[in-house]
Amino acid sequence: MQPSTFYQDVYEVVKLIPFGRATSYGAIAAYLGTKGSSRLVGYAMNNSIKTETGIPAHRVVNRNGLLTGKFHFGTANEMQQRLENEGLTIIDNQIQNFKTIFWDPTIELDIS
DNA sequence: GAGGTGACTGCGA
DNA sequence: CTCGCAGCCACCT
């Protein structure tokens, strides 16, 4: 297919993240085949919020499960608030048991 | 057309 | 263990 923009692909993957789960920028980038562009994923998220794309960006965190982009939300605690609302535990801006709730698109979606 | 930026990641000291 | 540096690539000004 013809990906209009890198953002579009990122949005598609983020939308597929199931409730109560979270993934990392690198995982999404890797799934898109642009693992080297892990920063672009975060960049896309930033744009997604600004453009009201409705993307659950709060389910996307860095490799350590740290809410690195919480400050980019409308309010600093909104990201954490949403994650806790999904049954996750956040301490010091970091997702607890992140390894357990981690949702890897390269595995869950499987590139077949 | 060129330069600067960034919600990252991995490796080294 | 904690802190710092370099690489990476698409988007924005």
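By convention in this document, chain letters (A, B, ...) are assigned in the order of the sequence lines, proteins followed by strands, and residues within each chain are numbered from 1.
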Sorted by number, the residues of residues 44-75 of chain A with heavy-atom contact under 4.0 Å to DNA chain C: none
Hydrophobic cluster membership, A/Val60 vs A/Leu66, 4.5 Å side-chain cutoff: no
Protein-nucleotide distance (A/Tyr7, atom OH; B/dG6, atom P), rounded to Å: 12 Å
Listed once per pair and sorted, the side chain to side chain donor-acceptor pair (under 3.5 Å) pairs that draw on residues 91-102 of chain A, sequence neighbours left out: A/Lys70-A/Asn93
Residues in ring pair (Phe, Tyr, Trp, His ring centres under 6.0 Å) contact with A/Phe102, at least two apart in sequence or another chain: A/Phe98
Protein-nucleotide distance (A/Leu40, atom CG; B/dT9, atom C1'), rounded to Å: 13 Å
With sequence neighbours excluded, residues passing side-chain hydrogen bond (donor to acceptor under 3.5 Å, both in side chains) with A/Asn46: none
Pair A/Asn77-A/Thr75, side chain to side chain donor-acceptor pair (under 3.5 Å): steps then yes or no: CA-CA 6 Å; A/Asn77 5 354; A/Thr75 53; 4.7 Å; no
Residues in side-chain contact (heavy atoms from CB on, under 4.5 Å) contact with A/Glu84, at least two apart in sequence or another chain: A/Gln80, A/Gln81, A/Ile90
Passing candidate, side chain to side chain contact (heavy atoms under 4.5 Å, CB included) with A/Ile55, options A/Ile49, A/Ile17, A/Asn47, A/Val14: A/Val14
Can you pull every protein N or O that's under 3.5 Å from an N or O on nucleotides 1-4 of chain C?
none

All side-chain hydrogen bond (donor to acceptor under 3.5 Å, both in side chains) counterparts of A/Asn64, not counting sequence neighbours: none
Pairing residues for A/Glu78 by the salt bridge (charged side-chain N to carboxylate O under 4.0 Å, His left out) criterion, not counting sequence neighbours: A/Arg82
Within one Ile-Leu-Val-Met-Phe-Trp-Tyr cluster: A/Ile28 and A/Leu40, side-chain cutoff 4.5 Å: yes
Heavy-atom donor-acceptor pair, A/Thr53 side chain to A/Ser48 backbone, under 3.5 Å: yes
Which residues share a side-chain contact (heavy atoms from CB on, under 4.5 Å) with A/Thr34, sequence neighbours left out: A/Phe6, A/Ala29, A/Leu32, A/Ser37
Side chain to side chain donor-acceptor pair (under 3.5 Å) contacts in which one or both residues fall within residues 15-28 of chain A, not counting sequence neighbours: none
Under-3.5 Å donor-acceptor pair between A/Tyr43 side chain and C/dA10 base: no
Please tabulate, one pair per line, each protein N/O and nucleotide N/O from nucleotides 6-8 of chain C that are separated by under 3.5 Å, including the distance.
residue: C/dG7; atom: O6; partner: A/Arg39; partner atom: NH1; Å: 3.2
residue: C/dG7; atom: O6; partner: A/Arg39; partner atom: NH2; Å: 2.6
residue: C/dC8; atom: O2; partner: A/Arg39; partner atom: NH1; Å: 3.1
residue: C/dC8; atom: N3; partner: A/Arg39; partner atom: NH1; Å: 2.8

Selection: residues 78-96 of chain A, any non-hydrogen atom under 4.0 Å of DNA chain B: A/Met79
